[in-house]
Amino acid sequence: MVLQPGAVRHDQGDNHEWTFWATSTTDEVLAGVDLKGKRVLVTGVSAGLGVETARVLAAHGAQVVGTARDLAKARAATEVVRAGAANGGSLDIVELDLASLASVRACADALIADGRPFDVVIANAGVMAAPFGRTADGFETQFGTNHLGHFVLVNRIASLVKSGGRVVIVASSAHRMAPFSLDDLNFESKTYEPWAAYAQSKTANILFAVELDRRLEKRGIRATALHPGGIQTELDRHVGAGAIEGMMAEINAALAAEGKPPFQRKTIPQGAATSVWAGFVAPADAVGGRYCENCHVSEVTDAEISPISEGVRSYALDPATAKALWAKSEDMVGERF
């Protein structure tokens, strides 16, 4: 393996430990990794991180199944994936609207009927800071899309995940923006705030990974959640350029006061790197039931930290809360898993 700019190797006798960083790209993380024969499900391949994740996996030989709500948009966006596929790599796209449980169940049923197993499932799709709304089933848009849609999809196809496989759930450091509570997940009585709703849905993503990992570990399957980093993608579409610039100005002013350089947003290949690292490179036991960022497992902290600092809140990894959320989610979707 050739040492890449985004990685460092520590030599310890005959053992080589590879460490990647915030600036590592998908190509650097998968340098020398052969994924021929691997089958991977990636949700949300119509833009951004999903397209890049599919691209690098297919380029390394994986058979990728991508999901999208808008099939025409996804086919156009993934031309680069098909063009770069190598070593037996491929891409198929299936329809999935995570904001409709009917669509989620139809997608899962089709995958089950197909019967081919997956080595890795990457739950990548989502919405961020959306104005108040409801999914087709009446759930608050962000919680219903980001958490409940994936909750039903992953559980319904769990039998397809091979022993030794992994489930990777894209969460966010935004889970730290608001405390988590199982009360009023649909914002029926409390005042709706887009970022608080997003934070709630991202904490739910992490808690889902915690309980899913506990349930699937006996089958040799591990689940993990991650923060991809600050990246400019279509996920920003509900926020507005002015709001993003304002947030960045506040962060950079605080950094300047500490004598630190300004914050640099990640490129899309850097943002997708932690997903492929957690799915194919990191030791399974190291990431199972944990929260990752910048291509490593994050430390738990409940101290006051800046928005761009690393760290996962203890409430997002709490096993009891994870079990309670699982039961609450089953009640909300009307299914037991």
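These numbers come from the heavy atoms of this one structure, side chains and all, not from hydrogens, waters or symmetry mates.
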- [ ] For Glu293 and Ser173, test the side chains for any donor-to-acceptor distance below 3.5 angstrom and give the result as yes or no.
- [x] no
Open item on the list: Is it true that, when you exclude Lys190 itself, more than 12 heavy atoms of the residues, nucleotides or ligands shown sit nearer than 6.0 Å to its NZ?
Closed with: yes
Open item on the list: Does Arg222, at its CZ atom, have more than 12 non-hydrogen atoms belonging to other residues, nucleotides or ligands within less than 6.0 Å?
Closed with: yes
Open item on the list: Between the side chains of Asp109 and Arg156, is the shortest nitrogen-to-carboxylate-oxygen separation below 4.0 Å, so that they form an ion pair?
Closed with: yes
Task: NZ/NE/NH1/NH2 to OD/OE distance under 4.0 Å, Arg290 and Asp285 - done: no
Open item on the list: Considering only residues two or more places apart or on different chains, which pairs with a residue in residues 76-91 satisfy side chain to side chain donor-acceptor pair (under 3.5 Å)?
Closed with: Asp34-Asn87, Thr78-Arg82
Task: Sequence neighbours excluded - ring pair (Phe, Tyr, Trp, His ring centres under 6.0 Å) pairs with any residue from residues 52-103 - done: none
Open item on the list: Check this for me, if you would: do Glu330 and Arg336 make a salt bridge, where the nitrogen-to-carboxylate-oxygen distance has to be below 4.0 angstrom?
Closed with: yes
TODO: Would you tell me whether Asp302 and Ser314 have side-chain atoms, one donor and one acceptor, within less than 3.5 Å of each other?
DONE: yes
Task: Pairs touching residues 92-140 that satisfy ring pair (Phe, Tyr, Trp, His ring centres under 6.0 Å), sequence neighbours left out - done: Phe132-Tyr192
Open item on the list: Strictly below 4.0 Å, N to O, side chains only: are Asp318 and Arg313 in salt-bridge contact?
Closed with: no
Task: Pair Arg39 + Asp119: basic N to acidic O under 4.0 Å - done: no
